[in-house]
Amino acid sequence: MTQNSPPLVLPPGLARAIATLQDKDLHRLDDTVTRLHTVNGLLWDTEDRVRGALLSAAQVADCKREIDQLNAERNVLAERADEVLGSLADAGRADAPLHTETLASVVDRLSVLTLRIWHSERAAARDELARWRIPALHGQREELCAALDALVSDVVAGRRRLPVPARFKLYGRDDAAPAEIKPSRHLRRVLAFGGLSECGKSTSAEFVQRTCGAQRLKIGFLLRQAAHREGLADPYALSARRQAELLLGELNRFADAHVDAQLFTIDSVHDDASITELKALMGDTLQIVYLDASFAVRVERSGTPAQAVAAKDEIKMSRGAHQVAALADHVIDNTGSIAALRARLRRIAAPPAATALRVATPYGLGLSAAVASATADFTDAARAYGPGVRLVALTGSPGEGSWIAGWSDLDLLVIAEHEAIGRVHEALEQYRTALGGAASLGPTLVTPGELTARRLTPRLAFVLHQLQQGSPALLAAPDLELPTISRDDLAFAAVRELPQVILTMRRLRAYAGPMALRQLYKHLVLAYRLLLREHNQWESGPDRILAAASRMPGLPALSVPSLAEIARAWRDGDAELVLKPVTTAVDQLLAWYAAQLAA
């Protein structure tokens, strides 16, 4: 219904008949008839507008286009209503007399008559003719309701047939009638941000754009684009359903032109009716996010007088902006810290997923017997702590099958609730004691919340990717949820991590004594691994990484001993034998890198 318009009340016979429909059909019919009545109300208002004021020729033309669009929508809705109402008919009486119009046509006439009575009653105070008409109009409504009930009874009993509901009407252009629109296959996910003034809508959309690579669009821009395309000056005068269809049409066009885009945001949602219709069209492809904050907090953040914020609120609330909260898929209390807001936004924009990981014992990872035994004891201790410990995994060389005793570290990842970290510390001390110098332990402790909020270092992102690609874990909770890490995520992370690795290599190279061999070699391999990722090459294992690096454009062939040779020299105290080729390779990389970034 339009604002302050009367509801459409169906006659009792029709109401009883449709109550026998299945829930899905009943819901569809109720939605369609409600929208039909709303469109009729908008048509009435638009026709009053074009008749009742001195308009320019352009304004009259715009109103006529609007009337054409509303009439087109009216006929589509009537046809959809007849698709459901037609199921009430007794299909067994093909010889029954044919009625002159469909049930939805009568319902449409009842809608218009209801509006005529309501407008006449409003005008009666100042218009004698309108006051005289009111009893006659009520009589017409009673007669129409009785006739509709009688028709329904005859149709259900098979005493009368209904005509084919298709109207084949065209308004303005032959493509003006709105077709049933669906999201494009390229429109994968859309976040719509709503809320009152100064609640953080734009800030949140900008954050998702910057950190998640979302395409950010403004609802007003999309509607203006649609209006220009359709020849309309005021798309906001259309029904909520039509506005939603125009919005989805523009989103589809944008998505089809940007097929690599995985996520879109639209802001700001100020109209509960149109976003309800858009949600009905898009389903879970659209996620509505409502930012909530108290008036006092919003005033403080805005830096403007309270009256200014209240005035903006009043405008938004008149459109139903505050009612969007009841429709939202996510309501965020934005009165806390920026960290809390961003964590919630990251979970919404890139939701974690249940991850089935491969679990193995430490005895199958190529570890020495003493190291495997100590690792098994630590895993058992972590398992005994219950659900507080979510995952234990050895990362890096054990997962890649390149662990070497006396050379490789034990890079350990533990995902545990914050409350369990203290007990994990105790187990780690026992682990170090049990290792007895057989290997150097490098633990990384992280909480599930940090992961699902994607508060990740580049190296942690790579470790998660390895686990999701099949690297084994030692312990994994069956309901563990992890952020999905794509190769694109890793390539982006490589861009951020590489500068730090290069700076560390220069610091290590400044010393370049035998004791620096191990760190120099590991950073050389890591730097090349990151460079290869930027070139979409995904080698693993130090020897394969360095071999692939030799084929990078403009880089001279590397002459570095194998990992086995370097590790043996290191263990035997002969680091001097392999230090020279490693430092030469480091110098080559640093010179090449500086040249690539020269102005």
Side-chain angles (χ1 to χ4, degrees), residues 31 35 65-66 69-70 72-73 76-77 173 175-195 201-291 316 319-321 323-324 327-330 345-346 348-351 488:
D31 176 68
R35 284 166 49 202
R65 280 192 292 269
E66 191 175 322
Q69 282 194 329
L70 289 169
E73 184 173 4
V76 168
L77 291 169
R173 298 196 313 271
D175 61 344
E180 186 73 29
I181 185 170
K182 297 181 180 179
S184 164
R185 64 187 179 88
H186 298 129
L187 191 63
R188 298 173 179 89
R189 204 153 182 270
V190 179
L191 302 184
F193 289 95
K201 301 182 296 294
S202 297
T203 301
S204 297
E206 183 181 353
F207 174 77
V208 172
Q209 177 189 33
R210 187 174 68 252
T211 61
C212 302
Q215 297 283 340
R216 184 186 175 194
L217 300 167
K218 289 284 190 178
I219 290 177
F221 167 78
L222 292 174
L223 281 176
R224 286 193 298 274
Q225 287 286 98
H228 177 75
R229 199 182 308 279
E230 298 287 341
L232 288 170
D234 185 10
Y236 295 99
L238 296 174
S239 69
R241 180 68 171 205
R242 188 69 182 119
Q243 288 183 45
E245 289 171 341
L246 293 174
L247 275 174
L248 180 52
E250 291 303 309
L251 284 170
N252 282 344
R253 288 185 182 91
F254 199 89
D256 290 340
H258 301 79
V259 295
D260 292 332
Q262 301 293 317
L263 180 65
F264 295 84
T265 68
I266 54 175
D267 63 294
S268 301
V269 179
H270 294 153
D271 177 4
D272 63 317
S274 61
I275 199 65
T276 298
E277 296 290 354
L278 189 60
K279 181 71 172 179
L281 290 171
M282 297 182 65
D284 287 340
T285 301
L286 175 68
Q287 295 286 292
I288 304 170
V289 182
Y290 187 86
L291 280 300
K316 289 178 172 60
R319 300 170 183 163
Q323 295 174 348
V324 174
L327 312 169
D329 299 282
H330 312 275
L345 290 172
R346 290 300 294 264
I348 294 170
D488 287 342

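All of these numbers come straight from a predicted model, not from anything done at the bench. All residue numbers refer to positions in the sequence shown, counting from 1.
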Q: Run the numbers on Q287 and K279 for side chain to side chain contact (heavy atoms under 4.5 Å, CB included), then give the verdict.
A: CA-CA 8 Å; Q287 295 286 292; K279 181 71 172 179; 3.8 Å; yes
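Summarising the geometry of Y290 relative to A328, their closest heavy-atom pair is CB-CB, 3.8 Å, with the distance given to 0.1 Å. Contact detail for K316 and H270: the closest heavy-atom pair is CE-NE2, 3.2 Å. Between C212 and A349, the shortest heavy-atom distance links the atoms SG-CB, 3.7 Å.
Within the 4.5 Å cutoff, the side chain of E250 has no heavy atoms near those of the L247 side chain. In this structure, the side chains of Q243 and E277 stay at 4.5 Å or more apart for every pair of heavy atoms. With contacts defined as side-chain heavy-atom distances shorter than 4.5 Å, the pair I266/L251 qualifies. With a 4.5 Å cut-off on side-chain heavy atoms, T265 and F207 do not count as touching. Side-chain contact between L187 and M282: present, with at least one pair of heavy atoms (C-beta onward) separated by less than 4.5 Å. For the pair K182/N252, no side-chain contact is recorded, criterion being any heavy-atom separation below 4.5 Å from C-beta on. Considering only heavy atoms from C-beta on, L248 stays 4.5 Å or farther from L286 through its side chain.
Annotation for R185: atom CZ does not count as buried by contact number, only 12 or fewer foreign heavy atoms lying within 6.0 Å.
Partners of R189 under the salt bridge (charged side-chain N to carboxylate O under 4.0 Å, His left out) rule, at least two apart in sequence or in another chain, do not exist in this structure. Remark: T203 engages no residue in a side chain to side chain donor-acceptor pair (under 3.5 Å) (not counting sequence neighbours).
Interatomic distance, CG of L246 versus CZ of R241, reported as 12.0 Å (0.5 Å rounding). Here OG1 of T285 is found 10.0 Å from CG of L278. Values are rounded to the nearest 0.5 Å.
Looking only at distances, no side-chain donor or acceptor of K201 sits under 3.5 Å from a matching main-chain atom of L291. Although no hydrogens or angles enter the test, the distance criterion places no donor-acceptor pair under 3.5 Å between the side chain of D272 and the main chain of V324. Using a distance-only test at 3.5 Å, with no hydrogens or angles considered, no donor-acceptor pair links the side chain of D329 to the main chain of L191.
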Report, one line per pair, each donor and acceptor closer than 3.5 Å where one atom sits in a side chain of residues 215-227; sequence neighbours left out.
{"residue": "R216", "atom": "NE", "partner": "D267", "partner atom": "OD1", "Å": "3.4"}
{"residue": "R216", "atom": "NH2", "partner": "D267", "partner atom": "OD2", "Å": "3.3"}
{"residue": "K218", "atom": "NZ", "partner": "D267", "partner atom": "OD2", "Å": "2.8"}

